[in-house]
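Note that this is a predicted model, so its numbers are computed, not measured.
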Amino acid sequence: MAPRVVAADTPGVRPGKLKVFLGAAPGVGKTYRMLDEGRRRARRGTDVVVAYAECHARPHTEEKLEGLEILPRTQRAYRGGTFSELDLDCVLARRPEVALVDELAHSNIPGGRNAKRWQDVEELLAAGIDVVTTVNVQHLESLNDVVEKITGVPQRETVPDEVVRRAHQIELVDMPAEALRRRMAHGNIYKPEKVDAALAHYFRVGNLTALRELALLWVAGRVDETLQKYRAEHGIGTVWETRERVVVALTGGPEGETLIRRAERIADRSSGGDLLAVHVARSDGLADASPAALAKQRELVEKLGGSYHSVVGDHVPTALLDFARAENATQLVLGTSRRSWLSRLVAPRGIGEDTVELSGDIDVHMVTHERAGRGRRLPVPGRQLPHARRVAGPLAGLILPLLLTALLTHTRGTLNLTSEALLFLVTVIGVACLGGVVSALLASLTASLLLNYYFIPPSDQFTITEANNALALAVFVVVAVTVAAMVDRSLRLARRAARATAEAETLSSMAGNILRGDQAVSILLERTRETFGMESAELVPRADQEAEAVDGADGLVKVPAGPDRVLVLRGRSLPASEHRVLTAFAAHLAAALDHARLSEAAAEVEPVKAADRMRTALLAAVSHDLRTPLAAGRAAVSSLRSTDVGFSAEERDELLATADESLVKLNRLVDNLLDMSRLRAGALTLRLQPTAFADVLPPALDSLSPASVPIESQGLAEICDVLADPPLLERVIANLVINAVRHSPEHQRVLISASSLGSRVELRVIDRGPGLRPEDRDRIFVPFQRLGDDDNTTGLGLGLALSRGLAEAMGGTLTPEDTPGGGLTMVLSLRAAASEVAVEVAEPGAG
């Protein structure tokens with residue numbers, strides 16, 4: 001269930017502030033601290049009420065209730081019992097300044113307007129009421145599976161992380177594992193009869209230590225988010241080494257996996273270190289990035305627990321360091337250059353050298369790899385000529401013609417004028433390739449003067465006697481300038497192509513986020529901020545004057561994102577070349593918003609569709625299945641009542657048996673329908689108690705009609721009792737046996753066996769029928785599904801669906817397996833009765 005934002009009840013009402021006391025385990029003192037906070041605020045004159053507090057009969061906690069106003073609770077009936085719940089309407093009517101609400105992750109008893117207590121809290125906040133609440137780390141949605149792996153106990157009550165993250169203040173209630181176990185041993189948490197079981201199971205030192213670490217890390221992450229926001233708001237660019245953050249630069253080359261693993265080891269050396277991978281989409285024409293390789297490397301980064309990022313940058317070292325400083329990174333991992341010796345000869349400095357020089361307080365690791373120095377490409381010109389070439393071009397335009405002149409004067413007479421002119425032309429073309437048009441003009445002017453003075457008759461003076469020589473000299477200058485212009489034009493075309501490539505790569509990364517399901521608007525906004533190197537990115541309601549894109553001189557950029565939203569970025573003014581990409585990002589964000597709205601609408605419609613499908617299937621199936629036993633029973637009774645025909649005693653017994661069998665089928669059908677309805681409504685009453693399979697099996701088999709298939713059992717008497725509701729367990733076994741008999745060939749036995757597996761007991765119902773395809777293993781548990789049946793004479797198809805529902809209601813599972821040699825085995829797994837005490841403390845309440 002996704003968190004929602006509830007609008008304020010009255011326009012102009014300030015939303016309330018949420019304070020959360022977060023604990024690692026029950027009993028650390030969250031409720032005590034919440035009540036103590038309430039008393040402290042009340043002493044300052046704040047209007048504080050206790051909307052809901054669960055003290056679990058702990059004297060020291062109950063003492064904190066003294067002096068506080070306690071609002072009445074609402075009473076709700078559920079499964080034969082009466083339970084007290086938070087009275088949301090009472091709190092809204094009382095309208096205090098602060099409401100104390102315990103156990104944020106609690107699931108409400110059906111009957112109220114909200115399924116979860118955190119939804120009640122959101123309504124209180126929307127009404128302008130401040131709320132102080134409590135939650136355990138095991139109830140955070142993102143840590144649910146992690147906690148289950150640690151403790152072995154599934155947490156059925158969870159709260160979305162976003163609800164807690166939005167809190168104005170989060171305070172960790174911490175206690176060492178040994179101290180908490182001492183509290184438990186002294187009877188300060190549970191009743192004496194439950195202490196030993198709790199200490200031996202959930203409250204083991206290892207469990208509590210792991211949960212404590214999870215709580216500390218989660219709160220540290222929340223504090224880090226606040227720190228990053230503070231640094232962005234105050235323009236702090238220096239690195240604050242509060243925790244290790246390792247950034248690894250990826251080019252899409254084959255060395256990427258080596259760099260990722262090395263960076264991950266560096267991050268692991270510091271407990272809680274973060275791994276961030278970044279790829280710079282260059283606009284300098286570099287074509288080394290392989291999309292397939294980057295996708296594979298991204299998968300590896302995420303598998304190792306890191307995050308992948310993509311940014312656009314004209315100067316790679318600057319882009320890398322800007323990203324690292326924005327993320328408050330402490331270390332940067334680069335691979336040594338793959339450039340060949342020829343590339344190094346032309347351009348000695350590479351990305352690594354520039355990054356080290358500009359890194360400042362960020363440590364840079366240069367990692368060697370097997371591809372180092374094996375590149376084949378020469379450096380590709382960048383968006384503009386490097387500074388070294390801009391300086392070397394004019395110098396070469398002056399020096400190279402002079403050197404050529406000196407060489408040719410020493411060999412005067414060996415070459416004619418045409419050859420000498422061509423050598424000067426080659427020199428000028430070389431200077432044009434090195435330094436561009438300006439250098440070419442300077443070189444052509446120098447070369448033409450030297451050629452005229454030294455080599456065109458009359459020599460040693462600036463005169464031209466023949467018209468052909470004048471034409472040749474003019475053509476010489478035109479060719480040099482033309483070649484330089486073509487070189488400059490090719491550079492501009494290369495810039496455009498490179499920019500298009502970088503834009504396509506960036507948009508591909510954004511599209512990949514959406515295809516992978518990263519469609520949360522907050523995620524896409526963060527990707528937008530990172531890509532353009534901005535301080536913040538947000539979506540705001542669109543005003544009439546914000547209909548067009550704006551790039552203000554103050555670093556505020558606004559771009560339309562759909563009909564009712566504007567994407568606002570703060571940080572720097574963007575060049576016109578980046579606005580096209582930004583517009584595409586805004587379109588992606590608009591699409592994500594539309595998708596979120598459609599998903600929310602679909603989620604609201606889905607229960608209605610499911611109920612409609614259920615009603616349609618029920619009517620289609622019941623139209624025959626109810627009619628068949630009714631018609632047979634009615635025909636038998638009508639025949640018996642008839643005075644026109646005289647029946648023998650044997651015929652009367654047969655008619656009575658037919659009527660009785662029809663009524664039994666009808667009764668079983670109605671019972672299944674009623675039980676399925678109660679299961680779906682959550683109104684099925686359970687009375688779990690130690691139950692033996694050997695006691696339940698005989699009445700389950702007695703309720704069945706005589707079958708042509710023999711039924712055998714083994715191992716049931718030796719197995720331990722299970723925790724179950726005997727009548728419901730009888731129904732489950734009966735339905736499983738009916739299904740096995742229906743699909744078993746004649747004279748092939750159905751075997752029922754039992755075995756123990758740890759703290760659970762498994763019952764297997766084995767048949768030798770046609771078996772089940774893997775893709776049908778979930779479909780057989782859908783109501784009104786009768787796989788392989790062509791008519792309605794085989795029942796409603798509720799048996800297996802009801803059996804699984806009853807099994808799960810008793811804390812068990814029902815799964816299908818293949819029978820060795822052919823057939824289907826249905827495995828019913830239930831908790832052993834010996835683990836009943838451990839089950840009672842498996843999900844302890846908040847404290």
Side-chain angles (χ1 to χ4, degrees), residues 284-285 337 339-350 353-354 357 373 375-495:
D284 64 355
S337 177
R339 297 185 303 154
S340 64
W341 65 270
L342 182 59
S343 298
R344 294 174 182 271
L345 182 64
V346 176
R349 291 180 64 86
E353 290 81 357
D354 289 342
E357 182 177 321
R376 297 179 180 177
R377 296 178 180 168
L378 288 171
V380 183
R383 191 174 70 90
Q384 59 182 2
L385 290 174
H387 178 73
R389 289 176 60 179
R390 292 200 303 269
V391 173
L395 291 177
L398 291 173
I399 296 174
L400 290 181
L402 291 173
L403 293 177
L404 180 60
T405 299
L407 177 63
L408 292 178
T409 54
H410 282 81
T411 59
R412 188 185 296 270
T414 58
L415 298 175
N416 58 22
L417 179 59
T418 301
S419 299
E420 292 168 343
L422 288 176
L423 288 176
F424 273 101
L425 181 61
V426 170
T427 301
V428 173
I429 291 174
V431 173
C433 294
L434 176 65
V437 175
V438 175
S439 299
L441 286 173
L442 181 60
S444 62
L445 178 62
T446 305
S448 62
L449 292 175
L450 293 174
L451 185 63
N452 181 11
Y453 187 84
Y454 287 101
F455 302 104
I456 295 179
S459 301
D460 300 327
Q461 55 182 315
F462 292 104
T463 59
I464 299 177
T465 59
E466 298 183 11
N468 287 337
N469 291 339
L471 179 61
L473 190 60
V475 171
F476 175 85
V477 175
V478 170
V479 169
V481 174
T482 301
V483 169
M486 293 301 296
V487 170
D488 187 67
R489 183 172 184 273
S490 68
L491 288 174
R492 290 198 304 271
L493 293 176
R495 290 200 301 269

Quiz item: Going through the checks in order, is the side-chain contact (heavy atoms from CB on, under 4.5 Å) test met by Ser419 and Asn416?
Solution: CA-CA 6 Å; Ser419 299; Asn416 58 22; 3.0 Å; yes
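- Across all their heavy atoms, Ala447 and Phe424 have their closest contact at CB-CD2, 3.7 Å.
- Screening Ile399, Thr409, Val426, Thr427 against Leu404 for a side chain to side chain contact (heavy atoms under 4.5 Å, CB included) leaves a single residue, Thr427.
- Closest heavy-atom contact between Ala396 and Pro401: O-CD, 3.5 Å.
- Between the CG atom in Leu442 and the CG atom in Leu398 there is a gap of 4.5 Å [rounded to 0.5 Å].
- Atoms CG and OG1, on Leu400 and Thr405 in that order, are 10.5 Å from each other to the nearest 0.5 Å.
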Practice problem: Kindly determine whether Leu423 and Leu415 satisfy side-chain contact (heavy atoms from CB on, under 4.5 Å), including the steps that lead there. | Solution: CA-CA 10 Å; Leu423 288 176; Leu415 298 175; 3.9 Å; yes
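- Heavy-atom minimum distance, Val431 versus Ser439: CG1-O, 3.6 Å.
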